[in-house]
Each structure stands twice: as C-alpha cells, then as structure tokens.
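What follows is a single structure, written as structure tokens, with notes after it.
Given the structure is predicted, the values throughout are model-derived calculations rather than measurements. Lettering follows sequence order; numbering is per chain, from 1.
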Amino acid sequence: MAAGESFETIQKSYFKVFLALLVLTALTVAVTTIHFGDVMNIVVGVLIAIAKAGLVIWVFMHLKFDNSRLRFFVYVPAFFFLTFVLALTILGL
Amino acid sequence: MSTLAASHSRFDTGIYHGKLGMWVFLASEIMFFTGFFGAFIVLRNMNIEVFTQSAHHLDKVVATINTAVLITSSLTMALAHLALEKGNEAKFRLFLTLTIVCAFGFLGIKSYEYATKFSHDIYPWTNTFYASYFTMTGFHALHVIGGLIPMTWMLGKSLIKGYPQEMHHRVETLGLYWHFVDLVWIFLFPTLYLIF
C-alpha cells in the first residue's frame with residue numbers, strides 16, 4: 001500500500017468498487033433489453049466490461065497504490081488484447 | 001502503516017518479487033484468454049445464426065447471479081488481505097472463508113448450468129457455439145479451482161499454526177490472481193450471455 005492511504009480509506013474504496021461493479025452488472029444486463037442495433041449492443045456491452053475491469057485492476061489489484069512502472073504489465077497485454085479483438089471484429093473474419 | 005509492505009519491496013522496483021512474478025504470469029494469462037476470445041469472434045462471424053440461436057438457450061438469470069457471487073468473492077478476498085495487513089487474523093480467516101464459500105458457490109451454480117445443458121442434450125460437440133462456451137467457461141472454472149487450492153491451504157495454515165502477519169504479501173499475490181479470475185468472467189459474461 002502506498003503511504004498516505006489509511007486502511008479505512010482503502011476499505012471504503014473496496015466497498016465503493018464492489019457497489020459500482022454490482023450496479024454495472026445490473027446495467028449491462030438491463031441494456032440487453034434495449035436494441036441499439038446489432039453492433040452497438042456489442043459495443044455497449046464491451047465498454048461496460050472494460051469499465052468494470054478497470055475498477056477491479058485499479059483498486060482490487062492495487063495498481064492505484066503500487067509503483068507506476070508496474071502498470072506496463074497491464075497496459076501492454078491489454079493493448080494486444082484490444083488490438084487483436086478489435087482487428088478480428090472489424091475485419092469481420 | 002506501510003512499513004510491512006515496504007519491508008518486502010525491492011529498493012529498485014518498489015515491489016516484492018512475488019508480486020512482479022504474479023503480474024508477469026497474469027500478463028501471459030491475458031494472452032492465453034485472448035486466444036479464446038479471438039477464436040470466439042472468428043467462429044461467431046462465420047456462424048452468426050448458430051451462435052445467436054444457441055446463445056439464447058443460455059440461462060442469463062443464473063449467470064447474472066453467478067457474476068454477483070464472483071464479484072462478492074473478490075471483495076472478501078481484498079478484505080481478507082487488508083485484515084491480515086492490519087494484524088487481525090480472526091477477520092482474515094472470516095473473509096477468507098467467505099471467499100472460499102463464494103468460490104464453491106460459483107462452481108456449484110456453474111455445475112447446475114452444465115447439468116441443465118447436458119439434460120437438454122447439449123454437449124461441447126453440439127455446435128461451435130457450445131464448443132466455445134464449454135471451453136471458455138471450463139477453463140475459467142479450472143482457474144477458480146486453481147485459486148481454491150492455495151486459499152484452502154492458507155485457511156488451514158491459519159487455523160492450525162496461525163498465519164504470520166508479515167506473510168500478508170502472499171495473500172496479496174493470491175488476491176491478484178483471484179481478481180484476475182473475476183476479471184476474465186467480467187468479459188466472458190457479456191460475450192457469451194448478453195451480446196446476442
């Protein structure tokens with residue numbers, strides 16, 4: 001844990017993230033009843049998933065509190081993941 | 001308050017070896033699951049009707065409940081580590097037990113889902129959608145089991161000998177892995193159950 005973050009602050013942020021994850025899960029299920037169009041539904045679903053993943057990585061996985069150089073271990077594979085997935089989707093293979 | 005964490009950290013990287021090692025492993029795990037997602041996209045675009053029809057047979061309600069169970073287990077895992085870092089071993093045991101219960105709950109619900117599919121004569125070889133579904137959720141379930149083993153070991157150690165507070169970094173490292181398992185599910189859930 002980084003200096004300056006008290007246990008109470010960290011515990012509060014865990015509960016906030018937990019609530020946000022539950023709300024986003026409910027949201028991602030709720031939006032399936034709305035038809036934005038075939039592609040847009042996928043885009044909305046993926047965007048919500050990325051937001052949830054970001055919260056988990058940032059707070060639960062302590063990236064917020066850790067050494068900033070460690071973030072490369074997330075950014076690099078995440079970049080390849082997104083590039084790969086986007087490329088396949090756009091190419092329509 | 002950060003003396004415990006600092007005492008394990010390398011002066012040059014600012015983190016301890018276990019954490020660095022786990023992140024390298026998780027980076028490779030992202031690549032591993034990317035292969036499945038890539039295959040899923042390619043197969044889906046080649047068989048859109050099959051994928052759309054088959055995905056509608058999946059149980060969204062059960063999957064949503066399971067998502068909540070897994071998110072809860074992530075919270076309790078984070079709280080378990082925090083409790084140990086504070087030196088409160090009773091709370092550490094409580095939250096670790098809750099995490100284990102949630103993990104078994106997840107596997108139980110998943111087994112129910114699989115059993116329902118099998119009873120409807122749906123198997124991994126039924127079509128390419130179900131092949132993807134069983135492969136992806138199956139490997140995810142294996143990761144859950146893989147997390148349960150060290151969790152149970154840590155709980156046992158805590159009950160028998162007591163878990164040393166200065167070893168809380170091992171719990172943090174296991175937590176990193178566990179949150180990653182949650183993270184994979186966060187992507188699997190909309191991909192398999194929601195986007196069709």
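- Residues B:Val101 and B:Tyr112 are members of separate hydrophobic clusters, defined by side-chain heavy-atom contacts under 4.5 angstrom among Ile, Leu, Val, Met, Phe, Trp and Tyr.
- Put simply, the side chain of B:Glu85 does not reach to within 4.5 Å of the side chain of A:Ile10, judged on heavy atoms.
- Of all the listed residues (A:Phe15, A:Phe81, A:Phe60, A:Phe73), the one sharing the greatest number of non-hydrogen pairs under 4.5 Å with chain B is A:Phe60.
- Distance check: B:Lys19 NZ to A:Met61 CE gives 10.0 Å after rounding to the nearest 0.5 Å.
- For a residue to count as touching a neighbouring chain, one of its non-hydrogen atoms must lie under 4.5 Å from one of that chain's; by this rule A:Thr28 touches chain B with backbone and side chain alike.
- For chain B, the nearby parts of A:Ile50 are the backbone and the side chain; heavy atoms of each come within less than 4.5 Å.
- Contacts between A:Leu21 and chain B at a heavy-atom distance below 4.5 Å involve backbone atoms as well as side-chain atoms.
- Interface remark: B:Val24 contributes backbone and side-chain atoms alike to the contact with chain A (heavy atom separation under 4.5 Å).
- Residues B:Phe180 and A:Val56 have side chains not in contact (no heavy-atom distance under 4.5 Å, counting atoms from C-beta outward).
- Taking the side chain as every heavy atom from C-beta outward, B:Leu82 and A:Tyr14 approach each other to under 4.5 Å.
- Distance check, rounded to the nearest 0.5 Å: OG1 of A:Thr25 to CG of B:Asn66 gives 11.5 Å.
- When heavy atoms are compared at a cutoff of 4.5 Å, B:Thr72 approaches chain A by way of both its backbone and its side chain.
- Between A:Phe79 atom CZ and B:Ile30 atom CD1 the span is 13.5 Å, to the nearest 0.5 Å.
- In the hydrophobic cluster analysis, where Ile, Leu, Val, Met, Phe, Trp and Tyr join through side-chain heavy atoms closer than 4.5 angstrom, B:Ile149 is grouped apart from B:Ile160.
- In this structure, the separation between CG on B:Leu20 and CZ on A:Arg69 is 11.0 Å, given to the nearest 0.5 Å.
- With a 4.5 angstrom heavy-atom cutoff, B:Thr67 touches chain A only via side-chain atoms.
- When B:Met77, B:Glu29, B:Met31 are compared by the number of non-hydrogen pairs under 4.5 Å with chain A, B:Met31 comes out ahead.
- The structure places CD1 of B:Ile186 at 8.5 Å from CG of A:Leu55, a figure rounded to the nearest 0.5 Å.
- There is no path of hydrophobic side-chain contacts, each under 4.5 Å, that joins A:Val85 to A:Tyr75.
- Interface remark: of the candidates B:Leu194, B:Leu79, B:Ile195, B:Thr64, B:Leu194 forms the most heavy-atom pairs closer than 4.5 Å to chain A.
- The line from CD1 of B:Ile71 to CG of A:Leu22 is 5.5 Å long, rounded to the nearest 0.5 Å.
- In terms of hydrophobic clustering, with Ile, Leu, Val, Met, Phe, Trp and Tyr side chains grouped at heavy-atom distances under 4.5 Å, A:Val23 and B:Phe189 are assigned to different clusters.
- Proximity to chain A is limited to the side chain of B:Leu183, based on heavy atoms less than 4.5 angstrom apart.
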